[in-house]
Amino acid sequence: MSAVLEIQGLQKTYRSRKGVRRALDGFDMVVEAGQVHGFLGPNGSGKTTTLRTLLGLIRPNGGRMAILGREVPQSLPEVAGSVGAIVESPQFFGNFSARDTLSLLADAGGVERVRVDEVLELVGLRDRAGDRVKTYSLGMKQRLAVASALLKNPRLLILDEPANGLDPGGIREMRTLMRTLAESGMTVVLSSHILGEIQLICDSVTIIAAGRRVAAGAVTDVLAQHATSSVRVRLESASDLTASAGALRELGAQVVVEHDHLMVSGLAQPSAITRALAAREVYVAELSPVSVDLESVFLELTGTAPVAGEHRQVDQTVMAQAGPAQGGWGQ
Amino acid sequence: MSLYTAETRRLTKRRFTRFFLIGVVLLLGAIAAGMFLTNHKNTPEVVAAAQAKADREFQQAVVQAEAERKACEAQAQPGNDCSQMWTPTREEFQAQWYMPPTFNFRKNFGDMVTTLAAILAMAAFVIGASFVGAEWSSGGMMNLLLWRPQRLTVLNTKLAALLAVLTAVTVLLSAVWTGVFALVANLRGTFGGMTSGAWQSILLMELRGLVIVLAAGALGFGLASIGRHTAVAMGVAIGVVVVLQAGLGTVLAMAQVKYLEMYLAPTWIAAWMNKSVELVDYNAPCVGAGGTCEQPTLTLTWGMAGVGLVAVLALVVGTAMWTLRKRDIT
């Protein structure tokens, strides 16, 4: 497979009276052709800055970017016809109808007008195409934004939070649309906070935190890399939990005592647990491996898991806490 | 070319553009109707009646002046020179001053061209500012730049579309305006003296009016583009009028600055439209032979005004282009 999108060492620094903020700090990203690629990161991590920089809206301070094998932003005018994108929330002129909006874009981009009705049908706006955009709900505007990105029939589709504002049916339709587009050969880059959706429809992901890549690869690989060998152990009697935890620790396991079960890790074979507990006449009611999902990996990698009694701030990530000059005003 | 077509469509499709132009047409219509209703044609009967009234007033004035002179002589006092009292002359009671106003196309249409240019320039400023300002604030500009990632090309094409539409509207309305006032002159005044030279002068004045309209449109467009919002252009316009025009005019008058009108924009616009404006230094002492009062004057020409206009346009539109090229779009 060839890379449709390549980013290496991308840097973007914002300076203001408050100080210097590194929005992107040597960020890397690769998206292979024909994939649906998830682009994840907490608020303020640099996702939108990356997409805007890639699309020529923001000037980077360093690094290299290429789309469809052409260096950007230098070759952006040549590749723009093959890239459809929506960045952040959809914004359109409220007094124009969806059809007017798309036909003006089609004129500006040299796309045939017949394509307008095709994409309106595709995103489910056919019957409301003549209504003014200001009468649309957020979800309908989102559909219109996706339609505008699809208008060019692009080879690379970049969508920033495409499911934002969509109802459950709309989210499912969007998921199906993404898969259909990818199957037709289109490469889709999807930025979203709905991690369950990303896990369902993406082939690969890049996770960004504090302007740096913290994980990348096929979804299954990223999950496997961060999977733990923890097992949940529930006993016949909860009164045996503390004594059993001590017994398992003697075997070298790491044990966390929860209110009605134990979380055990660090043992090669789960059978060692049943054997050790049975020897003490303690019997296991449930022994189940703890599966890891994208959400838990995301929270672990970005350090954004909520902590009881604490109010996490936007720039407060595991990388921001790790060292100097990782982002945040005044650093 | 496709981008130019799209931008022309976008501008003419906007409700703001349409409503504003309809408002302008209604305003112009009201002015034309007002001119029609307040002017009257001088028929022989009207001229005769005015002549009779002028004669009557003259006779009354003569009688009254004679009575006052006699009263003066009756109360003869040292230092009173009754022979110096005002004696009415025939020239002071001309028939034309007793006629209703009449529209003389050759003499009066120039003011109407200036009126048209001023109204259209105001509309052009607002439409130009809104055309790009609303695009910035609605996110349309960012969408467009995702499709055509050539910032200067996009902004220049938008400006070209705006100027083309403004030119078409101004030329059309100027033609209609000329026709309407030719009709007013025929029905409620006189169309006499319209030589080819007079027509040429009117045409050149209308062309200068077109330049003012285009400049105003480009200024509104440029200011809104720099501020990325329509309100910025409107704010600058209000600021210039209130602070620089009214405030500066008052301060300069208090400081008794020489030729203070030279620092005010309307003077330069008048110089551009009327080919020249003569400013008088009223604070200077009278210097003239034989007791006449001749104060120093300064003449501003349309050429000088044109250079100033080009300089302001280059500054504003150039800055708009530079900022679009340099600044991030967030």
Side-chain angles (χ1 to χ4, degrees), chain A residues 12-14 23 48-49 51-61 67 72-81 83-97 100-113 132-134 141 144-145 148-149 151-152 154 158 160, chain B residues 1-20 22 127 129-162 165 224 228-230 322-330:
Chain A
K12 179 64 188 177
T13 304
Y14 290 108
T48 301
T49 303
L51 297 182
R52 284 177 188 270
T53 308
L54 191 65
L55 296 165
L57 300 174
I58 290 178
R59 214 174 284 271
N61 297 107
I67 294 177
V72 292
Q74 297 91 320
S75 301
L76 205 50
E78 289 89 68
V79 298
V83 181
I86 55 170
V87 183
E88 274 194 331
S89 56
Q91 294 177 316
F92 297 102
F93 193 63
N95 281 322
F96 285 169
S97 68
D100 287 341
T101 303
L102 294 181
S103 70
L104 284 168
L105 282 175
D107 278 0
V111 174
E112 287 190 18
R113 293 264 186 95
R132 278 191 272 160
V133 172
K134 71 179 179 187
K141 287 179 186 167
L144 177 58
S148 72
L151 201 55
K152 289 186 260 190
I158 299 173
D160 196 2
Chain B
M1 194 59 193
S2 57
L3 181 59
Y4 174 80
T5 311
E7 289 310 309
T8 308
R9 269 187 68 216
R10 191 192 305 278
L11 176 61
T12 52
K13 226 173 172 27
R14 295 190 66 219
R15 291 198 314 163
F16 183 85
T17 309
R18 293 178 178 180
F19 288 163
F20 213 82
I22 289 170
I127 288 171
S130 163
F131 180 44
V132 71
E135 286 286 305
W136 274 115
S137 50
S138 73
M141 194 67 159
M142 195 177 78
N143 267 349
L144 192 56
L145 288 171
L146 291 178
W147 276 70
R148 297 290 290 253
Q150 295 140 305
R151 299 183 183 188
L152 290 187
T153 305
V154 167
L155 199 67
N156 280 321
T157 308
K158 273 181 130 33
L159 180 58
L162 171 73
V165 170
R228 297 184 176 180
H229 206 289
T230 311
W322 183 80
T323 52
L324 182 65
R325 200 175 132 85
K326 289 287 177 190
R327 282 164 61 187
D328 288 339
I329 296 164
T330 54

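Throughout, a chain's letter reflects where its sequence line sits, starting with A, and its residues are numbered from 1.
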**Student:** Any chance you could measure B:Lys13, atom NZ, to A:Asn95, atom CG, to the nearest 0.5 Å?
**Tutor:**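 Reported to 0.5 Å precision, the distance equals 12.0 Å.
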**Student:** Can you measure from CG (A:Asp107) to CG (B:Leu3) and round to the nearest 0.5 angstrom?
**Tutor:**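 The distance works out to 9.5 Å.
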**Student:** Nearest heavy-atom pair of B:Arg148 and A:Ala108: which atoms, and what distance?
**Tutor:**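 Scanning both residues completely, I find the closest heavy atoms to be NH1-O, 2.7 Å.
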**Student:** So which heavy atom on A:Gly56 is nearest to which on B:Arg151, and how close?
**Tutor:**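 Shortest heavy-atom separation between A:Gly56 and B:Arg151 comes out as O-NH2, 3.0 Å.
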**Student:** Which pair of non-hydrogen atoms, one from A:Lys152 and one from B:Leu146, has the smallest distance, and what is that distance?
**Tutor:**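 Closest heavy-atom pair between A:Lys152 and B:Leu146: NZ-O, 3.7 Å.
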**Student:** Relative to chain A, which segment of B:Lys326 carries a heavy atom at a distance below 4.5 Å: side chain, backbone, both, or neither?
**Tutor:**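 The backbone, not the side chain.
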**Student:** Please identify which of these residues, A:Leu57, A:Val72, A:Leu76, A:Val79, meets the side-chain contact (heavy atoms from CB on, under 4.5 Å) condition with B:Pro149.
**Tutor:**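 Per the side-chain contact (heavy atoms from CB on, under 4.5 Å) rule, the option paired with B:Pro149 is A:Leu76, out of A:Leu57, A:Val72, A:Leu76, A:Val79.
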**Student:** For B:Ala6 and A:Leu104, which heavy atoms make the closest approach, and how far apart are they?
**Tutor:**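 Minimum heavy-atom separation between B:Ala6 and A:Leu104: O-CD2, 3.3 Å.
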**Student:** Show, in sequence, the C-alpha distance, side-chain angles and deciding distance for B:Arg14 and A:Phe93, and conclude whether the side-chain contact (heavy atoms from CB on, under 4.5 Å) test is met.
**Tutor:** CA-CA 10 Å; B:Arg14 295 190 66 219; A:Phe93 193 63; 3.4 Å; yes
**Student:** Quick check for you: among B:Leu145, B:Thr153, B:Val154, B:Asn143, which has the greatest number of heavy-atom pairs under 4.5 Å with chain A?
**Tutor:**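 Maximum pair count with chain A is reached by B:Asn143.
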**Student:** Side chain, backbone, both or neither: which part of B:Arg10 has a non-hydrogen atom closer than 4.5 Å to chain A?
**Tutor:**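 B:Arg10 touches chain A through backbone and side-chain heavy atoms alike.
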**Student:** With a cut-off of 6.0 Å (strictly less than), are more than 12 heavy atoms of other residues, nucleotides or ligands near CZ of B:Arg325?
**Tutor:**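 Check fails, neighbour count at 12 or below.
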**Student:** Please flag which part of A:Arg52 lies under 4.5 Å from any non-hydrogen atom of chain B: side chain, backbone, both or neither.
**Tutor:**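 Only the side chain of A:Arg52 comes within 4.5 Å of chain B.
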**Student:** Shorter than 4.5 Å, heavy atoms on both sides: which option in A:Gly94, A:Gly84, A:Pro73, A:Pro77 has the most such pairs with chain B?
**Tutor:**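 Of the candidates given, the most pairs with chain B belong to A:Pro77.
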**Student:** Counting only non-hydrogen atoms closer than 4.5 Å, does A:Ser103 touch chain B with its backbone (N, CA, C, O), its side chain (CB onward), both, or neither?
**Tutor:**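 It is both, since atoms from each part get that close.
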**Student:** Taking all non-hydrogen atoms of both residues into account, name the closest pair between A:Arg59 and B:Asp328 and its distance.
**Tutor:**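 Of all heavy-atom pairs spanning A:Arg59 and B:Asp328, the closest is N-OD1, 2.9 Å.
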